[in-house]
K.L.:
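Mind looking over this structure? Questions follow.
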Protein chains: 2
Amino acid sequence: MMPVIKSSREDAIEAIMREFRKSGYDAASLARLSAATGLGKSSLYHYFPNGKEDMAKAAGALVVALVEEAVIDPLTGSGSLKARLQKATTGLSKLYNGGKASCLIDLFTIGEAEAATPGLAKAMAEALLRAFTGVAEEAGRPKKDAKIIAERAVIEIEGALVLARALGSTRPFQRMLARLPTLLIGNAG
Amino acid sequence: MMPVIKSSREDAIEAIMREFRKSGYDAASLARLSAATGLGKSSLYHYFPNGKEDMAKAAGALVVALVEEAVIDPLTGSGSLKARLQKATTGLSKLYNGGKASCLIDLFTIGEAEAATPGLAKAMAEALLRAFTGVAEEAGRPKKDAKIIAERAVIEIEGALVLARALGSTRPFQRMLARLPTLLIGNAG
DNA sequence: TCCATTGTACCGAACGATTGGTATATTGGG
DNA sequence: CCCAATATACCAATCGTTCGGTACAATGGA
C-alpha cells in the first residue's frame with residue numbers, strides 16, 4: 001500500500017498548477033514557480049529534470065485528472081441524468097474556484113505553452129466534448145444535434161471564464177453553470 | 001486633410017497588434033515585435049517611448065477602434081435589426097479572421113498584460129455587452145433578460161475563439177456566428 | 001554491528017542567453 | 001539646416017538552466 005502522506009513532489013505539482021493557472025505559461029517564471037512551491041529553483045530540477053516544460057506537463061496531467069474526477073466521471077457514471085449533471089456542475093464550480101480560476105484549454109493555447117505541452121489543450125477539449133455529447137444523446141438528442149450542443153457547452157464554460165476574468169466578477173460563470181443542465185438535456189431527465 | 005498614406009507608426013501598430021494577438025502579451029518579446037514590424041528597437045522606442053507598455057496600449061486602442069467599427073457601430077446604426085446583426089456578424093468574422101485570431105479580452109487578462117493596459121479588457125467587454133443589450137432590448141426583451149442575453153453573446157464569442165484555438169478548427173466559431181442573431185433577437189425582425 | 005555505498009531531497013552560486021530599455025551617433029528627405 | 005528616423009552599441013536585470021555540493025535515510029556486504 002502506498003503511503004497516505006502526499007509526497008513533496010505532488011505538493012509541488014499542485015502549487016505549480018495553481019501558478020500556471022494564475023499567470024499563464026509565459027508569465028510563470030521559474031522564480032515565481034520557486035516561490036509558489038517553496039522550493040529553490042535548482043530543487044525544482046530534481047523533480048522536473050526537463051525544467052519548465054516538465055512542470056507544465058505535470059500541471060497539465062494534474063488538471064486532466066481533476067477534470068476527469070470532477071466532470072467526466074460524474075457525467076458517465078450512474079444515476080439520473082439530472083443528478084449526474086448536478087454533480088458535474090458542482091464539480092465544475094470547484095474546479096474553477098467558482099469562476100475565479102482559469103482553464104488550461106485557454107491558457108495553454110497561448111504563447112510558448114503549446115510547444116511545451118503539445119496536444120494537451122486539444123485533448124482536454126475533446127474529452128469534455130465527448131462527455132457532453134454522450135449526455136445530450138442520452139437525453140434524446142439526435143447525434144448531430146448532441147455534438148453541437150456539447151460544443152456550445154464547452155464554449156459557454158470557456159467563454160464564461162474569460163468574461164468573468166475580464167469583468168472581475170464570477171457572476172457570468174455562475175449564471176452559465178445554472179443554465180448548463182437545461183442546455184444539455186432540456187427538460188428530459 | 002490628413003495624408004492618405006498611412007504613417008509608418010500606424011503600420012507598426014497594426015503589426016504589433018497582430019503579434020500581441022498571436023503570442024499574447026508575455027510571449028511577445030521586443031525581438032518578436034521588432035521582427036513583426038520590420039523596425040529596429042531604436043525605431044520602436046522612437047514611436048513608443050515607454051516601450052512595450054506603450055505598444056500594448058496602442059494595440060489595445062487599435063482593437064477598440066476596430067471593434068467599434070466592425071461591431072458596435074453597425075449594431076447601433078440604422079436599418080432593420082436583422083440587417084444590422086448581419087453587418088455585425090460579418091464584422092466579427094473579419095475582426096477575428098474567421099476564428100483564427102484571438103481576442104484581447106482574453107489575452108490581455110493573462111499574466112503581466114493587465115498591468116500594462118489597466119482596465120482595457122474590462123472596458124472592451126462592457127462595450128460589447130452594452131451594444132448587445134441594446135439590440136436585445138430593441139427586439140422586445142425585458143431589460144433584465146436583455147442583459148443576460150448580451151452576456152451570453154459575449155460568452156459565446158470568447159468561448160468559441162478559445163475552443164477554435166484549442167481544436168485548431170474555425171468551425172466552432174463559424175457555428176457560433178450563425179446562431180448569434182437568433183440568440184440576440186429570436187425571431188423578431 | 002560497522003561502515004562504505006547508494007539514493008533522495010534539496011540549495012547557493014553561477015552559467016550563457018535574452019529580456020526590456022537607454023545613450024549616442026549617423027542618415028537623409030523637406 | 002532641421003529633425004524625424006534609424007543604426008550601433010551598450011546596460012542592468014531576469015530568463016531558464018546547470019553545476020557542485022550538503023544533509024540525511026536506506027541498503028547491504030564484511
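Note on naming: letters A, B, ... go to the chains in the order of the sequence lines (proteins, then strands), and numbering restarts at 1 for each one.
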K.L.:
How many whole angstroms separate atom CE of B/Met55 from atom P of C/dG20?
P.N.:
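B/Met55 atom CE is separated from C/dG20 atom P by 9 Å.
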
K.L.:
Applying salt bridge (charged side-chain N to carboxylate O under 4.0 Å, His left out) as the test, list every pair that has at least one member in residues 146-174 of chain B; sequence neighbours left out.
P.N.:
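Listed once each, the pairs are A/Asp106-B/Arg165, A/Arg152-B/Glu156, A/Glu156-B/Arg152, A/Arg175-B/Glu151, B/Asp106-B/Arg165, B/Glu156-B/Arg179.
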
K.L.:
Can you list the residues that meet the salt bridge (Lys or Arg N to Asp or Glu O under 4.0 Å) rule with B/Arg141, with sequence neighbours excluded?
P.N.:
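Expected list: none.
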
K.L.:
Can you tell me which residue pairs pass the ring pair (Phe, Tyr, Trp, His ring centres under 6.0 Å) test with a partner in residues 111-130 of chain B, sequence neighbours excluded?
P.N.:
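Residue pairs with at least one partner in residues 111-130 of chain B: there are none.
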
K.L.:
From OH of A/Tyr45 over to C1' of D/dT18, roughly how many Å is that when rounded to an integer?
P.N.:
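Checked: the OH to C1' distance equals 8 Å.
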
K.L.:
Tell me, which pairs form a salt bridge (charged side-chain N to carboxylate O under 4.0 Å, His left out) where one or both residues lie in residues 111-125 of chain A, sequence neighbours left out?
P.N.:
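Sorted result for residues 111-125 of chain A: A/Glu112-B/Arg32.
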
K.L.:
Need one value for B/Tyr47: base, sugar-phosphate or nothing, where a base atom within 4.0 Å counts as base even if backbone is also close, heavy atoms only.
P.N.:
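Touches sugar-phosphate only.
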
K.L.:
Nearest to the side chain of B/His46 - D/dA4, C/dA9, D/dT17?
P.N.:
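Minimum distance to the B/His46 side chain belongs to D/dA4.
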
K.L.:
Please report, rounded to the nearest Å, how far the P atom of C/dA9 is from the CD atom of A/Glu10.
P.N.:
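After rounding, the reported distance stands at 12 Å.
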
K.L.:
Judged by atom type as modelled, is there a donor-acceptor pair below 3.5 Å linking the side chain of A/Thr89 to the main-chain atoms of A/Leu85?
P.N.:
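Yes, A/Thr89 side chain to A/Leu85 backbone: donor-acceptor pair under 3.5 Å.
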
K.L.:
Take atom CG of B/Leu33 and atom C1' of C/dT19, then tell me their distance rounded to the nearest Å.
P.N.:
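The distance from CG of B/Leu33 to C1' of C/dT19 comes to 12 Å, rounded to the nearest Å.
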
K.L.:
Pairs in or reaching into residues 109-138 of chain B: which pass ring pair (Phe, Tyr, Trp, His ring centres under 6.0 Å), with residues at least two apart or in two chains?
P.N.:
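Sorted result for residues 109-138 of chain B: empty, none.
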
K.L.:
Send over the distance from B/Arg9 CZ to D/dA4 P, rounded to a whole Å.
P.N.:
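Atom CZ in B/Arg9 sits about 14 Å away from atom P in D/dA4.
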
K.L.:
Atom pairs under 3.5 Å, N or O on each side, protein against nucleotides 9-15 of chain D: can you list them with distances?
P.N.:
residue	atom	partner	partner atom	Å
D/dC15	OP1	A/Ser29	OG	3.4

K.L.:
Give every donor-acceptor pair under 3.5 Å between a side-chain atom in residues 38-52 of chain B and any protein atom, sequence neighbours left out.
P.N.:
residue	atom	partner	partner atom	Å
B/Tyr47	OH	B/Ser8	OG	3.4
B/Lys52	NZ	B/Tyr25	O	3.0
B/Lys52	NZ	B/Ala28	O	3.2

K.L.:
Near DNA chain C, counting only heavy atoms under 4.0 Å, which residues of residues 15-22 of chain A show up?
P.N.:
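Contacting residues: none.
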
K.L.:
What pairs of residues pass the salt bridge (charged side-chain N to carboxylate O under 4.0 Å, His left out) test when at least one of them lies in residues 56-78 of chain B, not counting sequence neighbours?
P.N.:
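Sorted result for residues 56-78 of chain B: B/Glu53-B/Lys57.
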
